[in-house]
Chemist: 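One structure, as C-alpha cells, below. Some questions next.
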Amino acid sequence: AQSVAQPEDQVNVAEGNPLTVKCTYSVSGNPYLFWYVQYPNRGLQFLLKYITGDNLVKGSYGFEAEFNKSQTSFHLKKPSALVSDSALYFCAVRDWTGGFKTIFGAGTRLFVKA
Amino acid sequence: GAVVSQHPSRVICKSGTSVKIECRSLDFQATTMFWYRQFPKQSLMLMATSNEGSKATYEQGVEKDKFLINHASLTLSTLTVTSAHPEDSSFYICSALTDLTSYEQYFGPGTRLTVT
C-alpha cells in the first residue's frame with residue numbers, strides 16, 4: 001500500500017534562513033508526489049508536484065522539492081524563509097490502485113520566527 | 001487556476017438536526033469530487049469519492065446513512081450530515097478533479113461544523 005511519512009510534527013526556522021520539511025514515501029510503481037500548504041481554517045493549496053523528469057521541482061511561493069528515488073524522499077525546501085510561510089504542510093502521494101486516491105502525510109507545522 | 005468553493009464556511013447546528021454542505025467547481029467541470037474530514041492538528045481523512053450521476057464510494061468506517069453525498073451535476077456535490085452529534089464536529093473539505101488522468105486536485109476552503 002502507498003504511504004507517506006512526515007517525521008517532524010513541527011519545524012522552527014528563523015526568517016531569512018533556509019527551511020526543509022521532510023517527507024518519505026512508500027509506493028509500488030512510479031510515485032506521483034505532491035506538496036500542499038494549509039493556512040488556519042482554510043483548505044489545501046497546491047505547492048508543487050513530481051510526476052516525472054527533473055528531480056528538482058520548483059513550485060509556488062519560492063518553494064522547491066527534491067525527489068530522491070534511492071532514499072524514497074521528497075523533501076520540501078525554500079532558500080530563505082518568510083514569516084508568512086508559517087503554516088501546515090502536507091506531503092501526499094497519489095494511489096492509483098483500486099481507483100483514484102490521494103494519501104496524505106500527517107502534516108508538519110512550520111513556524112518561521114521574525 | 002481552478003477554483004472550488006464551499007458553502008457555508010462555518011455552521012453551528014443543534015444535536016439531532018441535519019446540515020448540508022455544498023461544494024462547487026466554479027470554472028471547470030468536475031467528474032469526480034472527494035470529501036475529506038480533518039480533525040484538529042491532524043491530516044485529512046478521505047470519507048468518500050463521488051462521481052457525477054452515480055452513487056458515492058465510501059471509505060471503510062464511514063457511515064453511508066449518516067454522511068449522505070449527492071453529486072447531481074458536474075459542478076456541484078453536497079454532503080449532508082444527518083442527525084448530527086457533537087462528535088461530528090469537524091472541518092470538512094471537498095476536492096475536485098477534472099478527470100481521473102489529472103494530476104492535480106483542487107481543494108475547497110473547508111467548512112467548520114460545530115454541533116452543540
Chemist: Out of curiosity, does V57(A) fall in the hydrophobic cluster containing L47(A) (side-chain heavy atoms, cut-off under 4.5 Å, transitive links)?
Modeler: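 L47(A) clusters together with V57(A).
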Chemist: Distance-only check: which donor-acceptor pairs under 3.5 Å involve side-chain atoms of residues 107-116 of chain B, not counting sequence neighbours?
Modeler:
from	atom 1	to	atom 2	distance (Å)
T111(B)	OG1	Q6(B)	NE2	3.1
T111(B)	OG1	P8(B)	O	2.6
R112(B)	NH2	N41(A)	OD1	2.8
T116(B)	OG1	C13(B)	O	3.4

Chemist: Can you list, pair by pair, the side-chain donor-acceptor contacts under 3.5 Å of residues 10-24 of chain A, counting residues two or more places apart and other chains?
Modeler:
from	atom 1	to	atom 2	distance (Å)
Q10(A)	NE2	N12(A)	OD1	3.1

Chemist: Tell me whether I51(A) is reachable from V93(A) by hopping between hydrophobic residues (I, L, V, M, F, W, Y) whose side-chain heavy atoms are closer than 4.5 Å.
Modeler: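 Different clusters.
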Chemist: Are there over 12 heavy-atom neighbours, none belonging to Y39(A), within less than 6.0 Å of that residue's OH?
Modeler: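 Atom OH in Y39(A) is packed in, count exceeds 12.
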Chemist: Strictly less than 4.5 Å between heavy atoms, which residues of residues 64-93 of chain B line up against chain A? Please order them by number.
Modeler: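 Only F91(B), I93(B) of residues 64-93 of chain B have a heavy atom under 4.5 Å from chain A.
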Chemist: Determine whether Y32(A) and L46(B) fall in the same hydrophobic cluster, where Ile, Leu, Val, Met, Phe, Trp and Tyr are linked whenever their side-chain heavy atoms lie under 4.5 Å apart.
Modeler: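 Cluster IDs for Y32(A) and L46(B) match.
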Chemist: Do F46(A) and Y106(B) have their ring centres less than 6.0 Å from each other?
Modeler: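 No, ring centres 6.0 Å or more apart.
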Chemist: What pairs with T102(A) under side-chain hydrogen bond (donor to acceptor under 3.5 Å, both in side chains), at least two apart in sequence or on another chain?
Modeler: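 Once residues adjacent in sequence are excluded, the partners of T102(A) under the side-chain hydrogen bond (donor to acceptor under 3.5 Å, both in side chains) criterion are R94(A), Q105(B).
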Chemist: How long is the straight-line distance from CD of Q38(B) back to CZ of F104(A), given to the nearest 0.5 Å?
Modeler: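 Atom-to-atom, F104(A):CZ and Q38(B):CD are 9.5 Å apart.
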Chemist: I need the residue from L44(A), I103(A), L88(A), D9(A) with the largest number of non-hydrogen atom pairs under 4.5 Å to chain B.
Modeler: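 Of the options given, most contacts go to L44(A).
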Chemist: Which heavy atom of G105(A) sits nearest a heavy atom of S43(B), and at what distance?
Modeler: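 Looking at all heavy atoms of both residues, the shortest contact is O-OG, 2.6 Å.
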Chemist: Under 4.5 Å between side-chain heavy atoms, counting indirect links through other Ile/Leu/Val/Met/Phe/Trp/Tyr residues: same cluster for L44(B) and F34(B) or not?
Modeler: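 L44(B) and F34(B): one cluster.
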Chemist: Please classify the contact of Q38(A) with chain B as side chain, backbone, both or neither, using a heavy-atom distance under 4.5 Å.
Modeler: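 The side chain, not the backbone.
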